[in-house]
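These notes are about the structure you will find just below.
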Amino acid sequence: MCFALLLNLTLGYRLLFSEQSIFAWQGVKEHYAKMQQELIDIQKKQAELSQEIKLLQTDKDYIERSIRERLNYVRENEVLYVFERKNNVHSMWTETEEDNQAN
């Protein structure tokens, strides 16, 4: 009888307060779900980068467009205007969709 009581107390303690408790298990489940979402996000990014690599290897128009956008290259007889973005104005009347995405 005393052994059974001691065993129940030990198991109850382990169930609620040890490293293998129910609360610890919930923490592990939450961490697992967070890691799964992070894995999905990384896989999406990997797919996007793979697609971009494929386009850079095969599509000359994409290469030209990327160089012109990212490096500000221009063709002969073209003029490039580069405007500084002013982030100090916060008004719903002056912000554009790009401003909202940058913030």
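All values below come from the heavy atoms of this structure, side chains included, with hydrogens, waters and symmetry mates left out. Start at 1 with the first residue, then count along the sequence.
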Review item, side-chain donor-acceptor pairs of residues 24-44, under 3.5 Å, at least two apart:
{"residue": "Q37", "atom": "NE2", "partner": "D41", "partner atom": "OD1", "Å": "3.1"}

Pairs meeting criterion salt bridge (charged side-chain N to carboxylate O under 4.0 Å, His left out) with involvement of residues 54-66, two or more places apart = E64-R75
Output the rest of the hydrophobic cluster of L71: all Ile, Leu, Val, Met, Phe, Trp and Tyr residues reachable through side-chain heavy-atom contacts under 4.5 Å, sorted by chain and number.
-> L55, L56, Y62, I63, I67, Y73
Output all residues satisfying side chain to side chain contact (heavy atoms under 4.5 Å, CB included) with L49, sequence neighbours left out; order by chain, then residue number.
-> K45, E52
With E78 via salt bridge (Lys or Arg N to Asp or Glu O under 4.0 Å) - residues at least two apart | R68
